[in-house]
Each structure stands twice: as structure tokens, then as C-alpha cells.
There are 2 protein chains.
Amino acid sequence: MRITIADVARAAGVSKTTVSRVLNARGEVDRSTAARVREVIDRLGYVPSSGAVGLARGQSRTVGMLVPSLTWPWMGEVVQGVVDTVEAAEFGLLLFTCNRGADSVERFTSQVFARAFDGLLVVEPENTLAMLTALHRRGLPVVLIDDRGRHPEFPYVTAANLQGGASAARHLLAVGRRRPLVLTGPLRFGCVRDRLDGFRTAFAESGHPLEPALIVESDFTEAGGREAVRHLLEQGLDFDAVFAHNDLAAMGAMAALRATGLRVPEDVAVVGFDDIPMARLTQPPLTTVRQPMREMGEVAARMLLARLTDTEAPGPVAELPTSAVIRQSTVNS
Amino acid sequence: MRITIADVARAAGVSKTTVSRVLNARGEVDRSTAARVREVIDRLGYVPSSGAVGLARGQSRTVGMLVPSLTWPWMGEVVQGVVDTVEAAEFGLLLFTCNRGADSVERFTSQVFARAFDGLLVVEPENTLAMLTALHRRGLPVVLIDDRGRHPEFPYVTAANLQGGASAARHLLAVGRRRPLVLTGPLRFGCVRDRLDGFRTAFAESGHPLEPALIVESDFTEAGGREAVRHLLEQGLDFDAVFAHNDLAAMGAMAALRATGLRVPEDVAVVGFDDIPMARLTQPPLTTVRQPMREMGEVAARMLLARLTDTEAPGPVAELPTSAVIRQSTVNS
DNA sequence: CTGAAAGCGCTTACAG
DNA sequence: CTGAAAGCGCTTACAG
């Protein structure tokens, strides 16, 4: 049998109202009464039912998080950042994925309206923007963890993609590379266009504009990066560096270079983006532009919680710095 | 303003009881009445409040999941398997971690008693066994995803560690290795002892018992594997293979071998355990014993859901097969 | 087939 | 400082 507030009230000889007051630390209770009630709570091991509290208060002290996939190499860091922050605020985290088409979108939507959570964090799955916009308009607080879109309607946290692209460029220029191949992610993503722009501008400003034939769209996968580079080498294209828009594609590029007998970094220097845990374990270890994934999760969670608890909310946009992490794929040790 | 069951009842000209009946598909409703109610529900976009339903029914249609960390390389697969299964059953998933000491254990425990969820899936964090046992005794359904412990009290799913160890051994024997170094994980973990036993037995039965000096306890990290192998090589120990108890340690071993100028697999063959996503991307690609992490998550979730929905529950123990995945760290291509 | 009423376990005006 | 009562939005005997 569950112990309820009524049991506590009876055992302490007070009303449920009073128990509720000491539970919620409203000051209006006599010190000795409060002490007695607390003693009973401890003795009985009473814990309020979160469902009942939520119903009475009209909120659940739970946030939702929607992600496209949990198996991407950097997703664990983001979710860890979120869960740490959310738990520290004594909220719960309800996790959703949306990887099985319209069906799961619909299921997710109905969960939302069931008010299982008070606010939503999202790493945007494709084809969910319309739904998210609708939810947001209906009053659900939403914060985007933005690795790709550009949605001024929502508060979001993002990494400094433009600067990240520029820092990759500056590093390659510093180590004497002049003809880089750029292996972009899908160009429909805002982050991809930013990484490209930052990189392109830095090269242009140094007097070495990028060659259009050396800007190739890829798909953020290892296989995609590998095939693209293999194909370009077969075509006889000449380049002395690769800037891949994520680490997975960079690893594919390294594999293709190795397969052709080219040395990294002597013949071709390789730079990735993300700094996934794997990056320092490749052979050679991968130079990359670090996105602070865990911090992005933490900041997004804090932005959302501030909106839910009407603490003074931080601004609607947080851009976290990226930084070049120099390893041996660009510089001989 | 939230739309409630009372709004629907009023608009449809029936009682809340009747609305509730069509919502829950109890057959006792007149067909045309039911149709009318459904039409109103759709028109109003009514969705029942999960909190209220949970309170009235005494259960939340939510399961909890407790993990030590979300950033371990195989954890994403496990959680993905869980979340897919749980969502398909129209349950929610509440995620908890327990990586900040006694404080977070306590916070977690009180969430449990708040009945925010009906059952619990756990990848056991260290020092939580006592708490889990207490929860289980108090009637909370718990299923362990067992990568290390051995807790007959709980239903659990595990990989076939003994067979996995044996298959690693058989493969190394088949490629002519006779003096393997075994780089174990922490020996307090049951899975580690099983992997070792399976491996040892297979070698012994083939007439090549393991040499005690070549069984070395390590810690499941890349750095740990690297340092251990470096140290053994410095001591001049002679071995022609490494069986590491996880892929991370195997990668460390490969790095140490490479640093000493030894070739993999020509001089030393290397086998890991897990088959994390990284394993196929190492140089050379890593031969390993695959644990079906996603399936383990799925099976554990199904076991728990069966207990919650009194479907005929599967047995309390599920041992999922492991399989050797042969790559170039043991066999030249 | 249908509805009035009690109950799930809390919180919160309101009155004293 | 304290309590009785209504209310949060549902479900479920019970009665008809």
C-alpha cells in the first residue's frame, strides 16, 4: 500500500494542508508542528506522488527530449549534458526518438499533448519542423540544439560553425596547404553552409581562393567520405589537404588516401569537425574542430529550465565557441 | 486552456463516463454514440492528460532507465533498443544517470518512490546494488542489462560471455596463435570472469594452456590497454596475440604495438570484445567478439513490459549469443 | 447502453 | 498558525 499525505497527516495529528505546507516549505507553519510532521515523513518514508502533484499543480517537473538517433557518435555527450543539468534541477527527462517515419511523429505529438512534460529539447529530426512549430505556437516551450537548421523562431544553442570553418582554414594555411579539398555535409543544413563559408572566406582572404571543383558535397558518413575521395583521386584531382565537415567523413577520407598509397599528413593533411571520442584514436590521430557537445546539452537544458521556472531567462540564442584541436593528421609529430 | 474530458462530454451530449469508455475502447457503447464522441474528440483535438490518467489508474505507462553513463561507446545502441521498444508499446522512457555519487543515488531513489514510472531497466552503476535490491523487494519490477554483475535475484539480459571468450580463442588458435596475452577487464565483474574462463578453457582443451604471466588485469580503457601492453613489451614478454576484454583496450593494445614497431596482425594478432562502431574503422580494422547491444536493450525492454502488462512474461534470464567478427587485426586480407 | 458519484493523491484559495 | 473544502482530469464500481 502506498503511503499518502493522508497517512502522514493522521500520524502527525494535523491536516493534509499542513503536511503539504511543510512539504513545500511554505513558512506559515509553527516550528514545532513542522518538526513533528517532518519526523513522521521520515519515519514513514513518505514520498509525494509525482503524478498527483503534477495534476494539482498543472505541471510535471519533467522535460522531454527529442532526438533523431541515439547512436550517432556525439549524441551521448549531448544527452549526458542534458540529463546532468535536468537532474540537478530535480526535473525528470523523458526521451523520445523519431526515427520511424510519420507514425512515430504522430505518437510523439500525442504524448506532448498528453502533457507528460512541460518543455521540450530537440536535436531536430528531419521532417519535424512543422510539428515543432505547431507545438511552440500552442505554448510549449521548445529549445533547439541546433546542429543543422536555422530557425529564428526558436531559442537555440549552436556551435560557432563559421569560426570553426575559419579556424580549420587558418590551421591548414599555417602548415602550408594551399589546395584543400572540402568535403561538405548536406548543403541543406545551415551548419554546413556556415562551415564552408568560414573556411572559404579565410582562404580567400589569404589570397588562395578555393577551387570550385574541390568543393564536394558528401553525407556525413564514413563511407560517403571514403567513396568521394576515392572517386576524386581516380579522376586525378590534385589537392594537398582535406577539410571534412565531420569526423566520420574525415576518417573515410583518410582510409581512401591510405588505400591509394598517399601519406597523411605528408602528402595530404586531413581535418575533421566535431571531435568525437574516436578522433583521438585514429591512425594518425585526427586534427579536428571541436564542438562542445556536452556543454551544448547543458546550456540548452538551462535555457529551457529557466523558461519553465521563470528564473531570469538567458537570451534566446547561445553560440558556443569551437576550437581547432591539432593532432597528427595535419602535423608530423 | 486545456481541453478536458468534460469539454468533450458536453460537446457530444454525453457523460464523462461514456467518453472515457470510448477512449478506452470498452465495447459497452452504442455504435452511433461512440462515433459521435469520436468525431468530437477529433474536432476538438482532445488528448487525455497522462498525469490524470496515471493518477486514476495507479500507473504511469512510463518505464525508467538508469545508466552509469551515456558516453560509453556502446551505450547509445542499448538505449536506442530500449527506446524503440518502449515507444512501440506506447510507454514513455524516463532516463536517469547516477554518476555523481551518493547524492544522485538518493535523488534517483526518491524519484522512484514518487512513482514517476512503473518499472525500471538498469545498466548497473557501481554501488547501487543495495538500492536496487531494496526497490525490487518493495515491488518495483526491475530488469538488469547485465554487462558485469551476476545478480540471480533480478531478471536480466546478458551476452554469452563464456562462449564469446571461447570463440575468440578458437579463432586465434585457427590462425596459428599459441601464446596469447589476455588483457582482462576488472576481475570483480562477472562478465570479465566469464570471458576469461571461456577463453582459457578453449586454449587448454586444444593443448595450449594459458601462461599465468600472460593474464593481465586492465580497466576497459584505451589508455589502460596501451600502458599495460607497453609495460609488458618493455619487460620483454613474448606473445603472438592479444585478447582484450573490450574494444577500447584492444585499440590501446594496437597503439602500443605500433609504437614498438610490431605489426598487427603479422607479429601480434589482436582481438577485442563488444564490436563498438569504432571497431571497423581502426587501422587495421579490429577483429572482435560482437555483443548485440541494441538487441539486449530491446529484449530487456520487452521483458519489463511483459511484467507490467501481464502478458505472458518471458523467462527471467535471456542470454543473447555473441559472435566473432573477423577483420584484419587477426587475418591479413 | 448510460450516467451520477466516489476516488486517485495532491495543492490552494478561503475562512478562521 | 491551521483546517475544511474544492479542484486538478481522469477511471471505475454501482445502479439503472
Side-chain angles (χ1 to χ4, degrees), chain A residues 1-38 40-41 44-62 90 92 110-118, chain B residues 1-38 40-41 44-62 90 92 110-118:
Chain A
M1 262 319 14
R2 169 170 202 109
I3 294 160
T4 72
I5 197 173
D7 299 323
V8 175
R10 194 176 321 115
V14 297
S15 70
K16 294 189 296 176
T17 308
T18 296
V19 177
S20 176
R21 278 195 270 250
V22 348
L23 244 23
N24 298 290
R26 303 201 180 284
E28 327 144 318
V29 184
D30 182 84
R31 288 176 56 103
S32 72
T33 310
R36 181 157 38 100
V37 171
R38 270 194 215 93
V40 173
I41 287 175
L44 266 42
Y46 167 69
V47 177
S49 151
S50 59
V53 174
L55 183 58
R57 287 222 189 102
Q59 47 161 44
S60 60
R61 280 193 87 79
T62 298
E90 306 200 302
S110 87
Q111 279 260 13
V112 177
F113 286 110
R115 288 287 167 95
F117 48 86
D118 301 330
Chain B
M1 262 321 16
R2 166 168 205 110
I3 293 160
T4 72
I5 197 172
D7 301 321
V8 175
R10 193 176 321 114
V14 296
S15 71
K16 294 188 298 176
T17 309
T18 296
V19 177
S20 176
R21 276 195 271 252
V22 348
L23 244 24
N24 298 289
R26 305 201 178 283
E28 329 141 319
V29 184
D30 181 83
R31 289 175 54 104
S32 71
T33 310
R36 181 157 38 97
V37 171
R38 269 194 215 92
V40 173
I41 287 174
L44 267 43
Y46 167 68
V47 178
S49 150
S50 59
V53 174
L55 183 58
R57 287 222 188 101
Q59 47 162 44
S60 61
R61 282 194 85 79
T62 298
E90 306 200 302
S110 88
Q111 278 261 13
V112 176
F113 287 110
R115 286 288 165 93
F117 48 87
D118 301 332

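In this text the structure is predicted, and so the values were computed from the model without any measurement. Below, chains carry the letters A, B, ... as their sequence lines are ordered, and counting in each starts from 1.
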Donor-acceptor contact below 3.5 Å, side chain B:Thr18 vs main chain B:Lys16 = no

task = Kindly indicate whether the side chain of B:Asn24, heavy atoms from C-beta on, has any atom under 4.5 Å from the side chain of B:Ser20.
result = yes

message = Give the residues of residues 15-22 of chain B touching DNA chain D, defined as any heavy atom closer than 4.0 Å, sorted by residue number.
response = B:Lys16, B:Thr17, B:Ser20

message = Suppose the criterion is salt bridge (Lys or Arg N to Asp or Glu O under 4.0 Å): which pairs have a residue in residues 46-60 of chain A, not counting sequence neighbours?
response = none

query = Quick one: A:Asp7 CG to C:dG9 P, roughly how many Å, whole number?
reply = 9 Å

message = Quick check on D:dC8: is either OP1 or OP2 less than 4.0 Å from any side-chain nitrogen or oxygen of B:Ser49?
response = no

inquiry  = Less than 4.5 Å apart, side chain to side chain, heavy atoms only: is that true for B:Arg2 and B:Ser49?
reply    = yes

query = Quick one: A:Arg36 CZ to D:dT2 C1', roughly how many Å, whole number?
reply = 11 Å

query = In dot-bracket, 5' to 3', how would DNA chain C read with Watson-Crick or G-U wobble pairs under 3.5 Å, [ ] for crossing ones and | for pairs to another strand?
reply = |||.||||||||.|||

message = Can you measure A:Asp30 atom CG to D:dG3 atom P for me and round it to whole angstrom units?
response = 11 Å

Stepwise side chain to side chain contact (heavy atoms under 4.5 Å, CB included) check, A:Asp7 with A:Val40 = CA-CA 9 Å; A:Asp7 299 323; A:Val40 173; over 6 Å; no

query = Does B:Thr4 make a side-chain N or O approach to OP1 or OP2 of D:dC8 shorter than 4.0 Å?
reply = no

